[in-house]
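Data block below; observations after.
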Protein chains: 4
Amino acid sequence: MPKLGMEPIRKAALIKAAIAEIGAAGTLEVTVSQIARRAGVSSGLAHHYFGSKDQIFLAAMRHIQTLFRDRVRSELKAARTPRERLNAIIAASFDPEEFAPEIISSWLSFYVQAQNSVEAKRLLRIYTRRLHSNLVFNLKPLTNAANAELIAAGVAALVDGLYIRQALGENPLDRFQTMGLVWDYLELKLGQGAK
Amino acid sequence: MPKLGMEPIRKAALIKAAIAEIGAAGTLEVTVSQIARRAGVSSGLAHHYFGSKDQIFLAAMRHIQTLFRDRVRSELKAARTPRERLNAIIAASFDPEEFAPEIISSWLSFYVQAQNSVEAKRLLRIYTRRLHSNLVFNLKPLTNAANAELIAAGVAALVDGLYIRQALGENPLDRFQTMGLVWDYLELKLGQGAK
Amino acid sequence: MPKLGMEPIRKAALIKAAIAEIGAAGTLEVTVSQIARRAGVSSGLAHHYFGSKDQIFLAAMRHIQTLFRDRVRSELKAARTPRERLNAIIAASFDPEEFAPEIISSWLSFYVQAQNSVEAKRLLRIYTRRLHSNLVFNLKPLTNAANAELIAAGVAALVDGLYIRQALGENPLDRFQTMGLVWDYLELKLGQGAK
Amino acid sequence: MPKLGMEPIRKAALIKAAIAEIGAAGTLEVTVSQIARRAGVSSGLAHHYFGSKDQIFLAAMRHIQTLFRDRVRSELKAARTPRERLNAIIAASFDPEEFAPEIISSWLSFYVQAQNSVEAKRLLRIYTRRLHSNLVFNLKPLTNAANAELIAAGVAALVDGLYIRQALGENPLDRFQTMGLVWDYLELKLGQGAK
DNA sequence: CATGAATGAGTTTTCATTCAT
DNA sequence: TATGAATGAAAACTCATTCAT
């Protein structure tokens with residue numbers, strides 16, 4: 001049992017536990033004690049390392065976004081054309097680990113959190129902006145600028161909507177069909193207004 | 001000043017106040033006292049009429065769904081063809097009163113609530129099912145059955161996704177553009193797989 | 001058991017209990033629960049009526065100052081000359097109820113509190129300013145202005161110092177001797193620089 | 001880098017840090033961690049050397065009293081007559097280092113502490129007794145015994161009162177005027193009842 | 001000697017809920 | 001019908017203290 005350098009280990013465990021608890025509860029209404037217990041530490045330690053419950057949530061949010069960003073990057077590695085890159089971005093959203101119930105639930109909860117916390121709103125905005133510009137950048141070679149903006153908005157909304165449905169257990173489609181729905185939208189829109 | 005027959009009046013006021021509070025907070029984390037205060041009554045009375053906080057939320061949820069259902073019905077009155085009816089359903093979702101910040105925020109909050117409360121989940125399911133069958137029913141004359149299901153799923157997801165973006169203040173489109181995005185999706189899909 | 005208009009009754013009881021607890025402990029390190037228990041109510045109620053622990057303390061401080069001010073006024077009623085008024089002010093400080101252990105202890109605690117709380121500092125300043133101007137006002141007819149300021153400062157310091165000694169149980173003098181010490185100082189100073 | 005003989009160094013650093021923290025906070029409500037951090041060590045070490053928080057406070061109190069005692073001794077060196085010695089004792093109280101905000105604040109805090117801790121009370125009593133007998137001893141050659149007791153009580157109260165005013169930032173006098181106030185009191189009393 | 005990890009008890013605070021009137 | 005009084009359980013947060021290394 002090492003006694004030094006525990007901080008990053010504990011922090012990681014607490015963040016993971018927070019996501020798991022939030023995912024399981026489907027809400028941010030989880031207690032620090034629950035999170036700490038799941039992480040195998042006392043609630044005092046959670047406060048010791050994070051300072052407050054909000055900070056735990058923000059760290060979890062950052063973590064989830066980092067996971068997503070890394071996934072996007074990894075998917076983008078093999079992509080060569082704009083179309084491939086667009087598909088890669090969408091694929092990242094529906095990767096099994098990303099589309100897992102607890103992660104989806106967490107995303108949704110953080111969306112709600114963003115309405116109350118300035119920092120959460122900031123984080124979420126960074127994410128939405130990055131996603132948007134990423135989409136637009138790869139759409140522009142394939143259609144005109146105005147259209148690129150619209151398609152990006154449509155894709156993003158579609159993904160969010162499908163996430164919600166999934167979180168609610170109201171998505172009749174499986175993972176591939178879900179992903180297919182978005183790809184199909186993209187194809188249709190690009191087919192329509194192609195350069 | 002008759003004291004009889006106050007129940008429906010008080011209940012309505014409390015429901016309205018609950019939606020307003022939830023909408024303003026962007027969360028279900030509002031207190032019964034806040035709701036009661038906004039309704040101009042004591043918190044005791046809120047419990048007297050509803051029994052518990054959860055019941056207030058469920059009543060508010062039912063109310064919002066009723067408002068939406070009525071709006072759909074009203075929009076459908078003038079519609080004669082399946083296409084008109086589909087457009088009417090979408091139009092109902094983006095009616096100014098439906099697309100108002102507090103209503104959108106409430107919808108989102110209730111989506112979250114559905115993850116915890118069986119009754120909330122049941123209510124939400126009724127709504128999603130009705131919307132889905134309504135869409136499918138009007139899509140079937142225009143495309144094949146499998147496609148109708150997919151399009152209905154797409155439209156529903158798109159609407160939900162656009163609601164979220166709107167709730168977050170991250171929707172770059174105005175109300176008409178937002179609605180147009182959905183109509184456009186529908187047109188494209190129907191143009192593609194038309195009977 | 002009346003159910004209406006309890007607020008002032010409860011507030012008064014809580015303030016009294018707070019002073020008693022602080023006096024008994026000799027510290028502000030008393031818990032809200034202790035105060036509430038002594039007042040015969042739940043800690044929740046204390047917060048309900050005061051909002052926070054700090055507010056309870058501030059209310060207690062205000063109460064103690066009000067008691068003192070009233071006592072000064074009452075003592076001043078019978079005073080006709082400046083000298084009588086000066087004696088009256090001093091007498092108020094050493095009235096048996098004012099010089100009671102719990103009241104003295106509370107004064108001392110609030111002096112400490114003033115170092116942390118802006119509002120407490122403000123309250124204390126009001127009190128010290130009022131006392132000072134009260135003294136100076138009655139000293140001016142008896143000596144020159146500069147001297148009046150000095151004597152007022154001396155009297156105030158002497159009173160505070162004697163309070164501390166009393167709080168610590170280190171005052172070898174009884175109440176009358178204590179009061180006499182201050183009167184004596186006053187007489188000496190006035191005899192010295194009399195107009 | 002010898003590890004032996006660290007104890008006195010660490011203890012001294014911790015005591016100094018404790019006084020600084022208490023002085024800055026104006027309260028004993030400082031954490032062991034704060035003190036340790038200011039001393040540049042871990043909170044564990046503070047406990048290692050002192051055993052408990054209370055012991056740290058007591059040590060700090062002793063230190064402050066030792067500083068004062070040394071200062072009195074040093075001032076007394078040059079004093080030849082009782083009157084000079086009395087002036088020297090007073091001068092020690094208002095030496096710039098003794099009259100520094102953090103030291104004054106600490107004194108006041110320890111006065112409060114004495115109401116709770118038996119040991120603190122004992123320490124404080126030793127100090128007050130010594131000061132008292134020191135004053136009385138030098139007063140007796142100049143006045144009668146009973147008067148000497150009274151004057152000693154008056155001087156001590158005056159000094160304490162002026163300290164409080166200073167701690168609260170409510171002392172309108174500068175250091176010399178403050179000291180002058182006490183000297184003046186002494187002169188007056190001695191002039192009055194001189195042998 | 002020294003650290004930082006870790007705990008758990010204690011405190012403030014919030015709030016749904018109950019109840020006497 | 002309606003209120004506001006009152007509670008008590010639960011939650012966040014703090015911190016002295018202990019301990020393995």
Side-chain angles (χ1 to χ4, degrees), chain A residues 1-7 9-10 29-36 39-56, chain B residues 1-7 9-10 29-37 40-56, chain C residues 1-7 9-10 29-36 39-56, chain D residues 1-7 9-10 29-37 40-56:
Chain A
M1 200 190 298
K3 276 295 182 178
L4 248 65
M6 291 303 280
E7 179 159 348
I9 297 170
R10 295 306 190 197
E29 282 172 52
V30 297
T31 70
V32 173
S33 295
Q34 280 167 19
I35 294 170
V41 300
S42 70
S43 69
L45 198 67
H47 280 99
H48 177 64
Y49 282 130
F50 285 98
S52 78
K53 191 184 183 181
D54 274 1
Q55 292 301 317
I56 299 176
Chain B
M1 207 187 298
K3 286 284 185 176
L4 298 175
M6 288 305 281
E7 178 157 348
I9 297 172
R10 295 304 195 197
E29 281 173 51
V30 296
T31 70
V32 173
S33 295
Q34 279 166 22
I35 294 170
R37 196 176 314 126
V41 300
S42 70
S43 69
L45 198 66
H47 277 92
H48 177 64
Y49 281 129
F50 287 98
S52 79
K53 191 186 186 179
D54 276 359
Q55 291 303 317
I56 300 176
Chain C
M1 200 191 297
K3 276 296 184 178
L4 247 64
M6 291 304 281
E7 178 158 350
I9 297 171
R10 295 305 191 199
E29 280 172 54
V30 297
T31 69
V32 174
S33 295
Q34 281 166 21
I35 295 171
V41 299
S42 70
S43 70
L45 198 67
H47 279 98
H48 177 63
Y49 282 130
F50 286 99
S52 79
K53 191 185 184 178
D54 274 1
Q55 291 303 315
I56 298 176
Chain D
M1 205 189 301
K3 285 286 188 180
L4 298 174
M6 289 304 280
E7 179 157 348
I9 297 171
R10 296 303 195 196
E29 281 173 53
V30 298
T31 70
V32 174
S33 295
Q34 279 166 22
I35 294 170
R37 196 177 313 127
V41 301
S42 70
S43 69
L45 198 65
H47 276 93
H48 178 65
Y49 280 129
F50 287 97
S52 78
K53 190 185 184 179
D54 275 358
Q55 292 303 317
I56 299 176

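A, B, ... follow the sequence lines: proteins, then strands. Residue 1 opens every chain. Atom set for the values below is all heavy atoms of this structure, side chains included, hydrogens, waters and symmetry mates excluded. Predicted model, so just to flag it, every value in this text is computed and none were measured.
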Review point. Which letter, B, S or -, goes with each nucleotide of nucleotides 10-16 of chain F from 5' to 3', with contact meaning a protein heavy atom under 4.0 Å?
Key: -SSBBSS
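When every heavy atom of A46(A) is checked against every heavy atom of A36(A), the shortest pair comes out as CB-CB, 4.5 Å. The two atoms that bring Q55(B) and F50(B) nearest to each other are CB-O, 3.0 Å, heavy atoms only. Here the shortest heavy-atom pairing between V30(B) and K53(B) reads O-NZ, 2.9 Å.
Of the inter-residue distances, the one linking L45(D) atom CG with H47(D) atom NE2 reads 11.0 Å to the nearest 0.5 angstrom. Of the inter-residue distances, the one linking H48(C) atom NE2 with E7(C) atom CD reads 7.0 Å to the nearest 0.5 angstrom. In this structure, S43(B) OG and R37(B) CZ are separated by 9.0 Å, a value rounded to the nearest 0.5 Å. Taking CD of E29(A) as the reference point, atom CD of E29(B) lies at 5.0 Å (rounded to 0.5 Å).
Note on R10(A): a side-chain N or O is less than 4.0 Å away from OP1 or OP2 of dA6(E). Regarding contacts with the backbone of dA6(E), a side-chain N or O of Y49(A) is found under 4.0 angstrom from either OP1 or OP2.
Both V41(B) and V41(C) lie close to DNA chain F; mapped to their nearest nucleotides by heavy-atom distance, the more 5′-ward contact belongs to V41(B).
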Study note, to complete from the structure: For DNA chain F, the dot-bracket notation using Watson-Crick and G-U wobble pairs below 3.5 Å, [ ] for pseudoknot-type crossings and | for other-strand pairs, is .||||||||||||||||||||
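Within the nucleic acid shown, F50(C) has no heavy atom closer than 4.0 Å to any nucleic acid atom.
Between the CG atom of L4(A) and the P atom of dA6(E) there is a distance of 10 Å, rounded to whole Å. Distance R37(B) CZ to dT3(F) P: 13 Å, rounded to the nearest Å.
Ranking dT3(F), dA2(E), dA5(F) by closeness to the M6(D) side chain, first place goes to dA2(E).
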